[in-house]
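For reference, the structure discussed in these notes is given below.
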There are 2 protein chains.
Amino acid sequence: MHYTRDNMAGLLRSHDINPTHQRIEIAHALFSRQEHLSADQVMAIVNTRHSETSKATVYNTLKLFLEKGLVREVIVDPSKVFFDPNTGPHHHLYEVDTGKLSDIDAAHVQISGLPPLPPGMVTEGIDLIVRIRRKA
Amino acid sequence: MHYTRDNMAGLLRSHDINPTHQRIEIAHALFSRQEHLSADQVMAIVNTRHSETSKATVYNTLKLFLEKGLVREVIVDPSKVFFDPNTGPHHHLYEVDTGKLSDIDAAHVQISGLPPLPPGMVTEGIDLIVRIRRKA
DNA sequence: TCCGGAAATTAGACAAAGTCCAGATTGGTG
DNA sequence: CACCAATCTGGACTTTGTCTAATTTCCGGA
Ligand SMILES: [Mn+2]
Ligand SMILES: [Mn+2]
Ligand SMILES: [Zn+2]
Ligand SMILES: [Zn+2]
């Protein structure tokens with residue numbers, strides 16, 4: 001699958017998001033790259049040619065995408081949140097030195113032996129992060 | 001085991017940390033409670049009676065404790081880092097609504113099927129976070 | 001005890017990520 | 001065109017964390 005700006009409007013609509021120019025640009029930044037991007041990086045990408053989108057709109061839009069389940073949040077770096085266009089079940093590999101973040105397909109990973117949840121609680125998600133670095 | 005201020009000096013020395021008044025207070029805040037605390041919370045605890053320790057010292061000290069392996073960092077909330085006096089192998093249960101963070105003993109949890117690491121890389125740690133919330 | 005220097009602490013300026021708000025713009029409808 | 005709701009905007013603001021230059025504390029030797 002290959003994400004063009006034209007595709008984006010349909011993708012947004014299918015997630016109950018009104019497709020505006022700014023929202024299409026932001027979605028395109030994430031989905032065409034299929035990378036984990038911070039708000040700052042999204043802002044830079046969207047405003048490369050000429051300034052098009054304000055900081056407030058970038059943050060508001062990313063939060064909207066999150067609420068609508070179009071993207072996922074990855075909390076791995078204490079200084080910034082990453083937004084992930086891959087919402088399928090997967091885990092993360094994080095290079096602590098470089099900040100490079102990559103996906104681990106959850107299909108073959110198995111987690112067992114977790115204790116029962118406190119009553120009245122449901123799991124919202126399980127985040128598994130493998131932190132790696134260059135051998136000393 | 002029961003952590004008093006008097007114990008703290010020995011604990012610090014055993015981790016190659018020169019025990020100063022401020023460091024003892026900060027270690028005591030963490031170890032006597034055995035809770036996950038943010039820098040802000042540590043600051044508030046240490047300065048309850050009368051102001052004793054500056055913000056710079058709180059941050060410097062927590063970073064020092066981290067480098068020396070006395071505490072561990074837990075990155076789970078996008079807005080602040082938690083410091084964890086429990087450095088043994090364990091995972092975390094995070095209540096997204098309340099921000100409550102609790103430990104899951106790693107003894108019975110098994111993670112299998114992780115892909116091989118890229119060559120020349122070593123694992124620094126595996127963080128498993130179970131995000132839960134109150135049932136709708 | 002006094003001195004010198006290293007280690008530690010400090011206040012406060014600074015930086016970066018993210019939030020908030022009141023006003024302006026947009027886009028559809030009658 | 002006029003109206004209204006949704007969206008977008010600049011910029012002030014907040015919070016978390018970092019940095020620095022000056023001060024204080026600590027300790028070993030004279
Ligand atoms: Mn989806
Ligand atoms: Mn230890
Ligand atoms: Zn991912
Ligand atoms: Zn813990």
Dot-bracket encoding per residue of DNA chain D, Watson-Crick/G-U cut-off under 3.5 Å, | denoting interstrand: ||||||||||||||||||||||||||||||

With B:Lys55 via side chain to side chain contact (heavy atoms under 4.5 Å, CB included) - residues at least two apart: B:Met43, B:Tyr59

Residue pairs fulfilling salt bridge (Lys or Arg N to Asp or Glu O under 4.0 Å) with at least one residue in residues 22-44 of chain A, sequence neighbours excluded: A:Arg5-A:Glu25

Residues which pass side chain to side chain contact (heavy atoms under 4.5 Å, CB included) with A:Ser54, listed by chain and number, not counting sequence neighbours: A:Ala56, A:Thr57

Pairs satisfying ring pair (Phe, Tyr, Trp, His ring centres under 6.0 Å), at least one member in residues 67-92 of chain A, at least two apart: A:His36-A:His92, A:His90-A:His92

Only distances under 3.5 Å count here; give the side-chain donor-acceptor pairs of residues 106-129 of chain A to other protein atoms, sequence neighbours excluded, each with its distance to 0.1 Å.
from: A:Glu124; atom 1: OE1; to: B:Arg133; atom 2: NE; distance (Å): 2.9
from: A:Asp127; atom 1: OD2; to: B:Arg131; atom 2: NE; distance (Å): 2.8
from: A:Asp127; atom 1: OD2; to: B:Arg131; atom 2: NH2; distance (Å): 3.1

Pair listing, salt bridge (Lys or Arg N to Asp or Glu O under 4.0 Å) test, anchored in residues 106-120 of chain A, at least two apart: none

A:Ser14: side chain to side chain contact (heavy atoms under 4.5 Å, CB included) partners, not counting sequence neighbours: A:Leu11

Backbone N/O of B:Gln34 and side chain of B:Asn86: donor-acceptor pair under 3.5 Å: no

Outermost nucleotides of DNA chain C that come under 4.0 Å of a non-hydrogen atom of chain A: C:dA17 to C:dC20

Side chain to side chain donor-acceptor pair (under 3.5 Å) partners of A:His21, counting only residues at least two apart: A:Glu52

Footprint string (nucleotides 5-18 of chain D, 5' to 3'): B base within contact, S backbone only, - free, heavy atoms under 4.0 Å: --SSBB-B---SBB

Side chain to side chain contact (heavy atoms under 4.5 Å, CB included) against B:Ala9, all qualifying residues, sequence neighbours excluded: B:Arg13, B:Pro19, B:Ile24

